[in-house]
Amino acid sequence: MKQAITYELIHECKQTGARRGIIHTPHGDIQTPVFMPVGTQATVKSLSPEELKDVNAQIILANTYHLFLRPGHKLVEKAGGLHKFMNWDRPILTDSGGFQVFSLGQLRKISEEGVEFQSHLDGSKKFLSPEKAIEVENSLGADIIMAFDECCEYPSTYEYTKKSMERTTRWAQRCKKAHKNVENQGLFGIIQGGFYEDLRKKSAEDLIKLDFPGYAIGGISVGEPKEKFLEILDYTTPLMPKNKPRYLMGVGTPDYLIEAVIAGIDMCDCVLPTRVARHGTALTSKGKIVVRNATYEEDFSALDDECDCYACKNYTRAYIHHLIKANEILGIRLLSLHNIKFLTNLMDKVRIEIENDNLGCFKNDFYHKYGYID
RNA sequence: GGGUAGGUGGUCGAGUGGUUAAUGGCACCAGACUGUAAAUCUGGCCGCGAGAGCGUACGAUGGUUCGAAUCCAUCCCUGCCCA
């Protein structure tokens with residue numbers, strides 16, 4: 001049977017082992033490694049699809065939980081699917097709601113059957129199971145859909161993490177069984193196991209037996225220190241199949257992205273660029289700047305003199321500072337645009353450096369300039 | 001000129017004898033943000049001090065009181081009404 005999602009490995013960086021590849025999807029190819037902006041409610045907050053294309057977004061995320069609650073997956077299906085509904089003709093990935101099991105901690109109850117949520121919108125009770133999540137994801141029609149998992153908080157005990165991981169594996173099995181649209185949508189499994197090496201290993205092994213077209217690492221960047229993050233990344237990534245896309249969920253600071261790619265990751269997503277944008281911060285080649293702060297009041301330079309985005313080509317820090325202070329939407333939009341472009345530009349460079357077998361040197365230069373102490 | 005309501009920290013505005021350096025909102029100054037309950041949240045916001053604390057402060061001056069932003073007197077200023 002034709003697979004919706006396939007991965008083509010083009011090159012491995014001789015310096016770092018990072019992978020340069022292509023993910024083939026029903027809505028076109030994705031050059032990897034790739035950064036994926038998040039558009040939870042079928043929109044990357046404040047930006048239009050045209051603008052997302054301008055900042056080289058190759059693929060975006062949407063969320064099962066949110067769209068299930070509103071406007072409802074049946075409505076999106078009636079609209080002709082997510083692509084048509086939101087006017088985005090490039091690939092889409094839908095998260096399963098597994099992250100909401102974590103982020104809505106106080107509003108849900110987990111059982112073997114699934115998760116009962118108290119809707120954050122109106123308090124009403126909603127239920128998501130592996131089968132229901134897949135039903136919703138099938139209706140939404142994204143190219144890549146994620147298995148319904150539990151993202152554990154940090155720290156969690158070994159016992160709890162083990163139980164949760166094993167349940168996530170059983171759920172993955174149920175997801176696979178429930179998935180009806182295999183030719184158009186690729187279902188990815190999510191490796192859990194928290195911060196325990198043997199659990200990660202077990203999770204990966206069991207999920208690989210289920211033969212998903214791609215695999216993700218979940219349950220990372222939930223508040224752990226960076227050393228922990230690197231540790232898990234380093235022992236989990238090699239467990240993932242080489243001939244399939246490897247997705248690290250929820251990672252978006254420049255250093256984490258680079259570390260992930262070096263570890264062998266192909267895809268990352270994060271709300272960070274758009275969220276910090278709305279809060280008045282720009283990511284730049286010389287580190288992040290809080291443009292909301294008074295120091296930028298009379299700074300008539302661009303956000304980042306190395307950036308070619310619309311905001312940097314046309315506006316000054318002083319102007320964007322003013323817009324943010326004045327609560328004007330344009331400030332948020334310009335920063336969102338810039339921050340996404342900053343990360344997609346970073347990944348563009350990363351792909352080139354992999355091809356040139358030079359990612360290690362690039363990392364050092366980048367860190368030095370950005371102000372990371374490595 | 002007569003009457004009336006008022007003058008509180010950057011601002012609007014609570015407080016009407018003590019636990020009040022003085023509630024709130026806004027403004028301002030920072031910090032956080034990683035599969036989005038987030039254009040959100042947290043902290044600071046009279047001066048000096050690391051801190052304990054000290055010093056100033058509720059239009060002005062004087063007074064009553066153990067104690068006043070709060071009571072009294074006079075003065076200054078502002079809004080509104082009448083002439």
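A, B, ... follow the sequence lines: proteins, then strands. Residue 1 opens every chain. Here the structure is a predicted model, which means the values were calculated and not measured.
At the heavy-atom level, A:L121 lies nowhere under 4.0 Å from the strands shown. Nucleic acid contact for A:Q192: base, since at least one base atom lies under 4.0 Å from a heavy atom of the residue. Using a 4.0 Å heavy-atom cutoff across all strands shown, A:I190 reaches at least one base atom of the nucleic acid. Across all strands shown, A:I332 has heavy atoms under 4.0 Å from base atoms, whether or not it also approaches the sugar-phosphate. In this structure, A:S119 reaches neither bases nor backbone, as no heavy-atom distance under 4.0 Å exists between it and the strands shown. If you check every strand for non-hydrogen atoms under 4.0 Å, A:G219 touches a base. Across all strands, A:C268 comes closer than 4.0 Å to no nucleic acid atom at all (heavy-atom distances). The residue A:N293 sits close only to the backbone: its heavy atoms come under 4.0 Å of sugar-phosphate atoms, none of a base. At a threshold of 4.0 angstrom between heavy atoms, the contacts of A:Q41 with the nucleic acid are absent.
B:rA14 and B:rC66 have their P atoms separated by 33 Å, with the value rounded to a whole Å. Nucleotides B:rU20 and B:rG13 are separated by 24 Å at their P atoms, to the nearest Å. For the P atoms, the distance linking B:rC80 with B:rU65 amounts to 40 Å, nearest Å. Of the P atoms belonging to B:rU74 and B:rG3, the separation is 13 Å, rounded to the nearest Å. B:rC81 and B:rU8 have their C1' atoms separated by 26 Å, given to the nearest Å. Nucleotides B:rG24 and B:rC72 have their C1' atoms positioned 31 Å apart, rounded to a whole Å. With both ends at atom P, the span from B:rU70 to B:rA21 equals 15 Å, rounded to whole Å. Spacing of C1' atoms, B:rC58 relative to B:rA22, comes out at 8 Å, to the nearest Å.
Annotation: A:K242, atom NZ; neighbour count of heavy atoms from other residues, nucleotides and ligands within 6.0 Å does not exceed 12. For A:L121, the CG atom counts as densely surrounded, since its 6.0 Å shell holds more than 12 non-hydrogen atoms of other residues, nucleotides or ligands. Within a 6.0 Å sphere centred on CD of A:E298, other residues, nucleotides and ligands contribute 12 heavy atoms or fewer. The environment of A:R70 atom CZ is sparse: at most 12 non-hydrogen atoms of other residues, nucleotides or ligands sit within 6.0 angstrom. Open room surrounds NZ on A:K84; 12 or fewer heavy atoms of other groups in view lie less than 6.0 Å from it.
B:rC75: Watson-Crick or G-U partner is B:rG59, with both key distances under 3.5 Å. Taking a pair to require two hydrogen-bonding distances under 3.5 Å in either a Watson-Crick or a G-U wobble arrangement, B:rU23 remains unpaired. Across all strands shown, B:rU42 is found opposite B:rA30 as a Watson-Crick or G-U wobble partner, with both distances under 3.5 Å.
A donor-acceptor contact under 3.5 Å is not formed by the side chain of A:S103 with the base of B:rU36. In the interface, the side chain of A:N63 is not paired with the base of B:rG35 through any donor and acceptor atom under 3.5 Å apart. Residue A:R278 places no side-chain atom within donor-acceptor reach of the base of B:rA38, judged by atom type and a 3.5 Å distance cut-off alone.
Residue A:N327 places its side chain closer to B:rA39 than to any other of B:rA39, B:rG35, B:rA32. Each of B:rU36, B:rU34, B:rG35 was ranked by its minimum atom distance to the side chain of A:L61; first place goes to B:rG35. Of the candidates B:rG35, B:rA32, B:rA39, the closest approach to any side-chain atom of A:C270 belongs to B:rG35. Of the candidates B:rC29, B:rU36, B:rA32, the closest approach to any side-chain atom of A:H279 belongs to B:rA32. Here the nucleotide nearest the side chain of A:V276, chosen from B:rA37, B:rC33, B:rA39, is B:rC33.
Under the 3.5 Å distance criterion, with hydrogens and angles disregarded, a donor-acceptor pair is assigned to the side chains of A:D143 and A:H83. Between the side chains of A:H179 and A:N138, at least one donor N or O lies within less than 3.5 Å of an accepting N or O.
Applying the 5.5 angstrom centroid cut-off and the 30 degree plane-angle cut-off, the aromatic ring of A:H66 is not stacked upon the base of B:rU36.
Where A:E328 and A:D149 each meet RNA chain B at their nearest nucleotide, the meeting point lying more 5' is that of A:D149.
For the pair A:H321 NE2 and B:rC29 P, the interatomic distance rounds to 6 Å; values are reported in whole Å. Spacing between atom CG of A:L343 and atom P of B:rG35 amounts to 12 Å, rounded to whole angstrom units. If you take NZ of A:K45 and P of B:rU34, they are 14 Å apart, rounded to a whole angstrom. The OH atom of A:Y296 sits 18 Å away from the P atom of B:rC28 (whole-angstrom rounding).
Looking at A:L303, A:T281, A:D299 one by one, the single match for side chain to side chain contact (heavy atoms under 4.5 Å, CB included) with A:V291 turns out to be A:L303.
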